[in-house]
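Inspection log for the structure reproduced underneath, given as structure tokens.
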Amino acid sequence: MRVVSLHRYPIKGCRGHALAGADLDEIGFVGDRRLMLIDATGRFVSQREEQLLATIEPELDGNRLTVRAPHAKPLAFEIDQSGRMTDVVVWDSAFRAHDQGERAAAWFTDVTGTALRLVWFGAGSQRFIDPEYSPRSDAQTAFTDGYQALIVQEESLADLNARLAEPVPMTRFRPNIVVQGGAAWGEDDWREVRVGAMTFDAVKSCARCTVLTTDQITGARHPRQEPLRTLATFRTIPGRGAIFGQNLVMRAPGSIAVGDMVIA
């Protein structure tokens, strides 16, 4: 198997972009989900609640963030890595992050029509991976749903698409690493994954949600909840939901690139 594409998502829930190569530090892909939108209670906001986040395109260049959205003037500013600390919640994890100020809050509020604030996962933030699945007690992540990276197979998507009236692109699944050359759904049995010179533990199959039904260009929901509805007919784990992809935790920081060999 080989890596055919790599992706990062600078702001949790917003549009991602492809990479030719990626560096991974102690908490995951550098620049991946290091920013997040929160509501007035500090709880994270994603496409589950605000499907229009799919239409927001962030560009992170070093410490400079530019965000664009239809019918809105772009906003560009330097990430405030020492911004005011605020309490945030991602699922069952409560920790602290750096608020990015009033300009950013106003821009995202105007675009979505919901009062939102932007926060940064910086030096004052710390979030440990669920110990039930983590291979190490000190493993951490940023604003991801819970793990450092998500790997998927093109063959698995091809099998799903063969069951759909309208095929969907891989962008619906918001992966970090896309590989080609294995058997469809073979990732279910992966425990150790080598990507180039890096080694990852495959710790938990990824349960999917309504985000799968959201067009990642327009933000529109599929009227018949596809492809989630079809996926659930043959890929459901009781108590977990419909499954697509594997969550990864790295053994040590490093770098990977499109074209790297994958051994699992």
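All values below come from the heavy atoms of this structure, side chains included, with hydrogens, waters and symmetry mates left out. Values in this document were obtained by computation on a predicted structure and should not be read as measured data.
- Counting only heavy atoms from C-beta outward, the side chains of Phe200 and Ile151 never approach each other to under 4.5 Å.
- Looking only at side-chain heavy atoms (C-beta outward), Leu160 and Glu155 stay at 4.5 Å or farther from each other.
- Across all their heavy atoms, Asp159 and Ala184 have their closest contact at CB-CB, 4.1 Å.
- Atom-to-atom distance recorded for Met261:CE and Arg2:CZ is 4.0 Å, nearest 0.5 angstrom.
- By the 4.5 Å heavy-atom criterion applied to side chains, Gln140 and Glu26 are not counted as neighbours.
- Taken together through direct or relayed side-chain contacts under 4.5 Å among Ile, Leu, Val, Met, Phe, Trp and Tyr, Val258 and Val152 form parts of separate hydrophobic clusters.
- Under the 4.0 Å criterion applied to side-chain N and carboxylate O atoms, Asp25 and Arg34 are assigned as salt-bridge partners.
- Across Thr214 and Gly219, no two heavy atoms sit closer than the pair CG2-O, 3.7 Å.
- Both tests hold for Lys204 against Tyr133: distance to the six-membered ring centre under 6.0 Å, angle to the ring axis within 45°.
- Side-chain atoms of Ser46 come within 3.5 Å of backbone N or O of Arg48 as a donor-acceptor pair.
- Side-chain N/O atoms of Gln225 and Thr210 include no donor and acceptor closer than 3.5 Å.
- Under 4.0 Å is where a charged nitrogen must lie from a carboxylate oxygen, and between Asp110 and Lys73 no such pair does.
- Cluster annotation: Ile11 and Leu150 are assigned to distinct hydrophobic clusters (Ile/Leu/Val/Met/Phe/Trp/Tyr, side-chain heavy-atom contacts under 4.5 Å, transitive).
- Within a 6.0 Å sphere centred on CG of Asp138, other residues, nucleotides and ligands contribute more than 12 heavy atoms.
- Between the side chain of Arg15 and the main chain of Ile217, a donor-acceptor pair closer than 3.5 Å is present.
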Report the C-alpha separation of Thr66 and Asp61 in whole Å, then their side-chain angles, then the decisive distance to 0.1 Å, and conclude whether the side-chain contact (heavy atoms from CB on, under 4.5 Å) test is met.
-> CA-CA 8 Å; Thr66 303; Asp61 182 8; over 6 Å; no

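- Taking a cutoff of 4.0 Å between a charged side-chain nitrogen and a carboxylate oxygen, Asp145 and Lys12 qualify as a salt bridge.
- A chain of hydrophobic side-chain contacts below 4.5 Å, direct or via other Ile, Leu, Val, Met, Phe, Trp or Tyr residues, connects Trp91 to Val88.
- Considering only heavy atoms from C-beta on, Glu187 comes within 4.5 Å of Ser156 through its side chain.
- Shortest non-hydrogen contact noted between Val178 and Glu154 is CG1-CG, 3.6 Å.
- Using a 3.5 Å distance cut-off with no hydrogens or angles, the side chains of Thr230 and Thr233 do not pair a donor with an acceptor.
- One finds the CG atom of Asp215 at 10.5 Å from the OG1 atom of Thr55 (value rounded to the nearest 0.5 Å).
- Counting only heavy atoms from C-beta outward, the side chains of Leu65 and Glu59 never approach each other to under 4.5 Å.
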Apply the test side-chain contact (heavy atoms from CB on, under 4.5 Å) to residues Val195 and Leu248: give CA-CA distance (whole Å), side-chain angles for both, the deciding distance (0.1 Å), then the verdict.
-> CA-CA 11 Å; Val195 181; Leu248 303 179; 5.5 Å; no

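- Residues Tyr9 and Thr144 have side chains not in contact (no heavy-atom distance under 4.5 Å, counting atoms from C-beta outward).
- Note that the CG atom of Leu35 and the SG atom of Cys14 stand 9.0 Å from one another [nearest 0.5 Å].
- Note: Trp185 and Phe234 meet the aromatic proximity criterion, with ring centroids under 6.0 Å apart.
- Residues Thr199 and Val193 fail the side-chain proximity criterion, which asks for heavy atoms closer than 4.5 Å.
- Between Gly182 and Gln153, the shortest heavy-atom contact is CA-OE1, 3.3 Å.
- Glu57 has no carboxylate O lying under 4.0 Å from a charged side-chain N of Arg68, or vice versa, which leaves the two without a salt bridge.
- For Gln246 (side chain) and Cys206 (main-chain N/O), no donor-acceptor pair under 3.5 Å exists by modelled atom type.
- Contact detail for Ala115 and Thr109: the closest heavy-atom pair is CA-OG1, 3.6 Å.
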Checking side chain to side chain donor-acceptor pair (under 3.5 Å) for the pair Thr41/Arg43: CA distance, chi angles, key distance, verdict?
-> CA-CA 6 Å; Thr41 70; Arg43 186 166 183 81; over 6 Å; no

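- Linking Ile, Leu, Val, Met, Phe, Trp and Tyr residues whenever their side-chain heavy atoms come within less than 4.5 Å places Val111 and Phe77 in a single cluster.
- A donor-acceptor contact shorter than 3.5 Å links the side chain of Asn161 to the backbone of Val168.
- Using a distance-only test at 3.5 Å, with no hydrogens or angles considered, a donor-acceptor pair links the side chain of Thr236 to the main chain of Ala232.
- For the pair Arg172 and Pro227, the tightest heavy-atom approach, listed with the atom from each and the gap, is NH1-CD, 3.5 Å.
- Here Arg235 pairs with Asp188 in a salt bridge; the nearest charged N to carboxylate O distance falls below 4.0 Å.
- With hydrogens and angles ignored, the 3.5 Å screen pairs no side-chain donor or acceptor of Glu50 with any backbone N or O of Gln47.
- Rounding to the nearest 0.5 angstrom, the gap separating the CZ atom in Arg33 from the CD1 atom in Ile27 is 12.5 Å.
- Here the CG atom belonging to Leu228 is positioned 8.5 Å from the CD atom belonging to Glu226, to the nearest 0.5 angstrom.
- Although no hydrogens or angles enter the test, the distance criterion places no donor-acceptor pair under 3.5 Å between the side chain of Gln126 and the main chain of Gly124.
- In the displayed structure, Gln81 atom CD is contacted under 6.0 Å by more than 12 heavy atoms of other residues, nucleotides or ligands.
- A distance-only check finds no donor-acceptor pair linking the side chain of Arg208 to the backbone of Ile243 [under 3.5 Å].
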Criterion side chain to side chain donor-acceptor pair (under 3.5 Å) on His7 and Arg174, from CA distance to verdict | CA-CA 8 Å; His7 308 266; Arg174 299 174 64 81; over 6 Å; no

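- Hydrophobic cluster membership is shared by Met198 and Val3, with clusters built from Ile, Leu, Val, Met, Phe, Trp and Tyr side chains linked at under 4.5 angstrom.
- In Arg84, the CZ atom is crowded: over 12 heavy atoms of neighbouring residues, nucleotides or ligands sit closer than 6.0 Å.
- By the 4.0 Å N-to-carboxylate-O rule, Arg191 lies too far from Asp201 to be salt-bridged with it.
- Looking only at side-chain heavy atoms (C-beta outward), Asp99 and Met85 stay at 4.5 Å or farther from each other.
- Atom CE of residue Met36 and atom CZ of residue Phe44 lie 8.0 Å apart, to the nearest 0.5 angstrom.
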In sequence, state the C-alpha distance, the side-chain angles, and the governing distance for Ile256 and Leu6, and then conclude on side-chain contact (heavy atoms from CB on, under 4.5 Å).
-> CA-CA 9 Å; Ile256 57 178; Leu6 297 169; 3.7 Å; yes

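- Under a 4.0 Å N-O distance rule, the pair Glu102/Arg117 qualifies as a salt bridge.
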So Arg96 and Ser125, side-chain contact (heavy atoms from CB on, under 4.5 Å) or not? Walk me through it.
-> CA-CA 5 Å; Arg96 292 172 67 76; Ser125 305; 5.6 Å; no

